[in-house]
Amino acid sequence: MALCEKVSNLFPKEVDLVVVGSGAAGLAAAVTAAVAGQKVIVLEKTNKIGGTTSYSEAMIWVPCSEQARQAGIADSVENALDYLRSVIGNKLDIVQAEAYLKAAPQMLTFFERHTALRYALATGSIDYYSDREGATSGARALCAGSFDGRKLGRRDFKLLRQPLRVAQLFGGMTIAATDLQHFYRVFRSVRSTLRVTQLIARYTFDRVTGWPRGTAIANGDGVIAGLLFTLREKGGEIKTNAEVTQLSFDDRCVTGVTVLNNGIEQHIKARRGVVLASGGFSANGELRCKYKGIDQAKDNHVILVAEGATGDGMRLAENVGGVISDALVQPMAWAPTSWVPHLGSAFPHFVERAKPGVIAVDSKGRRFTNEAAVYHDFVPAMINNANGSDRVEAWLIADHVAQRRYGLGAAPPAPGFLGPSIRSGYLQVAPSLRELAEKIGVDGVTLEESVGRFNTDAKQGLDTQFARGQSEQNRAYGDPDHGPNPCLGALQTAPFYAVNIQPGDLGSLVGLSIDARSRVLDKDKQPITGLYAAGLDAASMFGGHYPAAGVTVGSALTFGWIAARDALGLAG
């Protein structure tokens, strides 16, 4: 009995707002409530805080931001809507989109004013479909600033979910998105070499002084840390190993939750509401199979999300009448991914596919799509090209010059060592294309023909097969110092390298149907009083499209903010 009382006392019996999940959406809602002086608790079922946001770059898509205005960029909500309509068509939830575009700049101003979050305009980022009406370049995406993890104290710092191992150097050094180019240019640029030296020195000092990893954290890890810091500062509570098993539902109104902690269930009353932000369902194989509509055995899916993203929010809401929206063009936010055995981690292939000297081929050795295409489009191309095969896969092929300059997946560029990648079988290497083909199980003649045709095109700067490097989006991911086409370079210097890539995803897009106020809707499209959903627990307002970098975390922060404000009666 004494033990029960001790455990029970760890949880309040009543709060203003209960938040389920500790990613960007959940912490955004919680911090919004805490800043308003409300009593809030965040319940996280795993033992780490941050969810899949911790694995992300945490870029946000916010048209008409104050940062853009200060940079003298002319944009408008109408122009952004034109872009979304041109990309998404009738799958766009126009009401939610209008609410998002109105609220997102206000959300960003709020968090920069009241929290430790800081964002800067990503001048090199462009809307992904750059040829569509309303598209802009360097105007709408923003990168997260760094956060000094030492401010959290050692206890809370250890609660943070670490980024993917492949996104850290030396076993614990985070590389901010804004610093990535410096690592590519180390020893080729004085400025970049100095910056990399500075970062390594800071990391070395952290480890020598007893920190478990580098404390100069950025990207999604930094966003979570900044929100957690503010939540603690404002008196909000957060509990790990706290699984919400059901919602309290009385007369069409959600009034609280039942939470399981250390084998003991207890009830928490929510005076203002419950926000579901548990991260979607990408880590749930059964739900992936259900909503992708393809045989899971033929998908060899590589997980890029936190292990707690198993569909809890959807299940909880469905039990009280919430409805799943699954009429989307794609059920997942796709990303081509490789599994890195020597690190025990997945690697998302965002960048190197567009670099000179790199191509992608299928199991027969043929190119099948524009390698520089948006990652969300690249995986469906893999699936379609597989044409019912038992295994959906492709191979990234590079010559020695390209691999040493840009890297290939988790196999680093120079001066990084390739030994671990080769010994684990992650990176295949051979002195000729024919021998490489034999090692990876593709037809050698076909591979040589594919490379030969690509090399001819590369020398002319024009990809006659898939128009690689012709769009602004393609060129943004190429090498600006390479010509005549920043995305095209011949594969001609031995040895040659290959990495196997498979379908992966950044999160589910199928989710709960919500309105513009983030309220969960029932089968009659009526809001369930006291119940909200944000982040990946809510269905994609973009209809399963992925129009720009930052739409996932941008939507999560914005609708988490909207949900809390509506629940607390602050919206206006």
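Below, all heavy atoms of this structure are taken into account, side chains as well, without hydrogens, waters or symmetry copies. On a predicted model such as this, the values are computed, not experimentally measured, just so you know.
- Applying the salt bridge (Lys or Arg N to Asp or Glu O under 4.0 Å) rule to Asp148 yields the partners Arg150, Arg202; only residues at least two apart in sequence or on another chain are considered.
- Between Pro105 and Lys102, the closest heavy-atom pair is CD-O, 3.6 Å.
- Applying the ring pair (Phe, Tyr, Trp, His ring centres under 6.0 Å) test to His349 and every residue at least two apart in sequence or in another chain returns Phe347.
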With a 3.5 Å cut-off and sequence neighbours excluded, list the donor-acceptor pairs that the side chains of residues 235-242 form with protein atoms.
residue	atom	partner	partner atom	Å
Lys239	NZ	Leu10	O	3.0

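- A cation-pi arrangement, defined by a distance under 6.0 Å to the six-membered ring centre and an angle within 45 degrees of its axis, is present between Lys151 and Phe147.
- Looking at residues two or more places apart in sequence or on another chain, you find no side chain to side chain donor-acceptor pair (under 3.5 Å) involving Thr230.
- Listed by first then second residue, pairs satisfying ring-ring contact (aromatic ring centres under 6.0 Å, His included) with a partner in residues 204-228 read Phe157-Trp211, not counting sequence neighbours.
- Phe281 pairs by the ring pair (Phe, Tyr, Trp, His ring centres under 6.0 Å) definition with Tyr291, not counting sequence neighbours.
- Between Tyr100 and Phe542, the ring-plane angle classifies as perpendicular under the 30° and 60° cut-offs.
- Among Leu304, Val302, Val305, Ile303, the single residue meeting the side-chain contact (heavy atoms from CB on, under 4.5 Å) criterion with Asp505 is Val305.
- None of Tyr375, Trp61, Trp334 except one satisfies the ring pair (Phe, Tyr, Trp, His ring centres under 6.0 Å) rule with Tyr546; the exception is Tyr375.
- Residues Val323 and Leu512 have side chains not in contact (no heavy-atom distance under 4.5 Å, counting atoms from C-beta outward).
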